[in-house]
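All chains are named by letter (A, B, ...) in the order of the sequence lines, taking the proteins before the strands, and each is independently numbered beginning at 1.
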2 protein chains.
Amino acid sequence: MVSDPQNSHPKVVSETPLSEPVKGKTSSRKREVLLSRKISILTRDGPVSGPIESLHRTVGMHMATMHGLKFSIFPQEPDRKMLKFPDHQVAGHCAHDGVLGPLVDDSGRFYKPLQNDSRGSNELAFYTSLSTDARIPDHIRKYFPTFYGTKVINASDGSGLHPHIVLEDLVSSYENPSITDVKIGSRTWYPEASEDYIRKCLQKDRKTSTISLGFRISGMKIFGSKDSGFWKPERKFLQNLSSEDAKLVLKKFVSSNVPADNGEQPDCSFVSDVFGGSSGILAQLLELKQWFEVQTIFHFYSCSVLMVYEKVPVVKGDSSGADRAVVKLVDFAHVQDGKGVIDHNFLGGLCSLIRFISDILATQEDKCISNGFLLSI
Amino acid sequence: MVSDPQNSHPKVVSETPLSEPVKGKTSSRKREVLLSRKISILTRDGPVSGPIESLHRTVGMHMATMHGLKFSIFPQEPDRKMLKFPDHQVAGHCAHDGVLGPLVDDSGRFYKPLQNDSRGSNELAFYTSLSTDARIPDHIRKYFPTFYGTKVINASDGSGLHPHIVLEDLVSSYENPSITDVKIGSRTWYPEASEDYIRKCLQKDRKTSTISLGFRISGMKIFGSKDSGFWKPERKFLQNLSSEDAKLVLKKFVSSNVPADNGEQPDCSFVSDVFGGSSGILAQLLELKQWFEVQTIFHFYSCSVLMVYEKVPVVKGDSSGADRAVVKLVDFAHVQDGKGVIDHNFLGGLCSLIRFISDILATQEDKCISNGFLLSI
């Protein structure tokens, strides 16, 4: 009989995304959605895949069966909070096929596995110094995920206990967040890195839009509607966009007619709500830029700008709006000491992204004016 | 007997710098200064070097003798304007040891030899489009040398007639200009270049401060006094400065106690006059930055920011002041089409230089205030 190599139950190593969000108490619909996923579990004889055959909740655990095997469907944390794979991860290492990935809990925390090499210690050192360094102004601190220390929990790949960095789950309060992850900078390597690492990064920087645009889009997920669900373009396509394509994709990010791939122009319905206004994404990016023009503390190699917002139905109307557009910085495994120099690499890339976004906003506002409409903001 | 391989007279191929500026009509002092130079001339049997033995002016030409050979000391242009080696070149290809270099005339024009390969055609194409492109605002155009077309003149290396780009001689109106040439950007190569060119550039970018600071100082020449003359640090030293050394060198650029290398701190006497004020170097760099944040027409690889000013004695006082601090962009052999993207590489490096200069200015102003002085501007 196949069984778990380390514990009494086999461990889940991958699962297909949920077809719709599952929140709150167990219901027949929630069971249906969970059962519709294809799961891989790790057994002594290797991984076994298939649909879940049955699902039931026991003391503090979700138990499932497949091929007659019983296993816990979410790894369990010592304090008995439910941990699961993030629903809205668009870039970075995902928990799949035995690869260690992040987990989230129900209380809005994000558990990022501490990488065993210098990346892990580097990221932890960054978060620690960020939370204690008085030189970082409060209005800038809000662009970083809140740091809650570290915790040893069961790893998502079923390999047992592993230390994790505990962070704010940036999308936990969103129902259907639209997300773009943009890796900033025209160079992802730093002078002190190994020759091998530099060579690999340079190769990727040249193959992607990193060199040409000063950034590459690492991931994107745009909510269309309850019927159409999310549009999640291929990472390979996103990473090597021309200037024109980058503009098109960023327009799609703020459009209602996203998933249609029939040559239809994106309608940019949400451009003013999301990019515009005094607290929109452009204003936030400009605030960050102002800091990057002077800060000489950190150099953020391979770090991303995450842009998130929520499409919301407008009460008593046919149209919909957008809400809570935020910018966050993520991924600090390669942050270096600034040594008294500004992060000209990050700043240049950030300014390039800003130029795209302000251009889209300006074109759309011009269009509104030429159509005889008044701007909504 | 050795003689000129092509013409009746041998050609000058290099000369040591003038010990002091020589302007205006021939005088005994001027003759003395000119005679003190070591000259190389090109003969049929190769180059011959030595001091000039005698000097006299004949119809439209300065004639000199050395080892019994007669030669014209300045190459002569067809329209009989006097051409000579620039006195104040701090970077780029200099006319020496048979290398083709730029020439200047007495009417404020700078003759840059058109390079035979794509660099020459590229630079010419840039100047041509710059002077006709309506998208470049007038307040930005002033940062580029005026372009007067091309002209075929005798090359400085004695190789005969050669096409030259005719530009404004940026320092012709200065008596003793202090000059810094800063090659901007953390990458001097562009994606479309050959693999060999990319490899060479990358190697140099990593060996110099290009990667770390986002710029490298390619040359510098600071006027001390009539007695001490110019201080011209070694190019190798300048190109690979740490953050601290870059700050020190930029402070020296605006100091009166420049050439002293006895550990004395630079006094930054001219910092307010040169870097500060509404029309000083910082203000000019910020105006350029504003344009680079939006312009998507050109990408300026391997291009330099030239900073020039003049130290002038203040009438009826012991101290001295500084005058006519200007910023110019030079060297456009590697300018590329912007393809709808801002020049994030140049912009990042420019912002890094701006941070250094504003930091020096702020520190100095703080010092003045803490010393109980009022700022002079």
Side-chain angles (χ1 to χ4, degrees), chain A residues 184-187 189-193 195 198-199 202-203 205-215 240-248 286 289-296 299 301 336-359 362, chain B residues 184-187 189-193 195 198-199 202-203 205-215 240-248 286 289-296 299 301 336-359 362:
Chain A
I184 302 288
S186 72
R187 176 160 52 87
W189 55 273
Y190 41 97
E192 293 77 16
E195 284 305 310
I198 291 176
R199 194 183 47 76
L202 185 60
Q203 202 170 25
D205 293 350
R206 292 183 66 187
K207 270 189 186 164
T208 61
S209 68
T210 288
I211 294 275
S212 54
L213 304 185
F215 60 81
N240 191 16
L241 299 173
S242 68
S243 155
E244 277 311 303
D245 286 342
K247 199 186 275 185
L248 189 70
L286 288 171
K289 170 181 168 256
Q290 224 169 11
W291 183 59
F292 272 93
E293 283 172 351
V294 293
Q295 78 86 11
T296 59
H299 282 192
Y301 292 103
Q336 302 292 305
D337 183 344
K339 293 181 187 166
V341 183
I342 64 160
D343 189 352
H344 44 85
N345 177 57
F346 190 97
L347 177 59
L350 182 65
C351 288
S352 179
L353 178 65
I354 285 172
R355 179 67 172 84
F356 273 91
I357 286 178
S358 55
D359 191 35
Chain B
I184 303 286
S186 72
R187 176 160 51 87
W189 55 273
Y190 41 98
E192 294 76 17
E195 284 305 311
I198 291 176
R199 194 183 46 77
L202 184 60
Q203 203 171 25
D205 293 350
R206 292 182 66 187
K207 269 189 186 165
T208 61
S209 67
T210 288
I211 294 274
S212 53
L213 304 185
F215 61 80
N240 191 18
L241 299 172
S242 68
S243 154
E244 277 310 303
D245 285 342
K247 198 187 277 185
L248 189 69
L286 288 171
K289 170 180 167 257
Q290 224 169 10
W291 183 59
F292 272 93
E293 282 172 351
V294 293
Q295 78 87 9
T296 60
H299 282 191
Y301 292 103
Q336 302 292 306
D337 183 346
K339 293 182 187 164
V341 183
I342 64 160
D343 189 352
H344 44 84
N345 177 56
F346 190 96
L347 177 60
L350 182 64
C351 288
S352 179
L353 178 64
I354 285 172
R355 178 68 170 83
F356 273 92
I357 286 177
S358 56
D359 189 36

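- Of the atoms belonging to Leu353(B), not a single heavy atom falls under 4.5 Å from chain A.
- Both the backbone and the side chain of Ile211(B) come within less than 4.5 Å of a heavy atom of chain A.
- Interface residue Leu202(B): only side-chain heavy atoms are found under 4.5 Å from chain A.
- For Gly340(A) against Ser243(B), the heavy-atom pair with the smallest separation is O-OG, 3.6 Å.
- In this structure, CG in Leu213(A) is found 11.0 Å from NZ in Lys339(B), a value given to the nearest 0.5 Å.
- Put simply, NE2 on His344(A) and NE2 on His344(B) are 14.0 Å apart, with the number rounded to the nearest 0.5 Å.
- Of all non-hydrogen atoms in Glu293(A) and Arg355(B), the two that sit nearest each other are O-CD, 3.6 Å.
- Each of Pro191(B), Gly348(B), Gly185(B) has some count of heavy-atom pairs under 4.5 Å with chain A, and the biggest count is that of Gly348(B).
- Heavy-atom distances place the side chain of Lys289(B), and not its backbone, under 4.5 Å from chain A.
- Nearest approach of Cys351(B) to Leu347(A), heavy atoms of both residues: CB-CD2, 3.5 Å.
- Distance check: Ser352(B) OG to Asn345(A) CG gives 11.5 Å after rounding to the nearest 0.5 Å.
- Remark: Arg187(B) CZ to Asp205(A) CG distance equals 9.0 Å, nearest 0.5 Å.
- Only the backbone of Ser212(B) comes within contact range of chain A, with heavy atoms under 4.5 Å apart.
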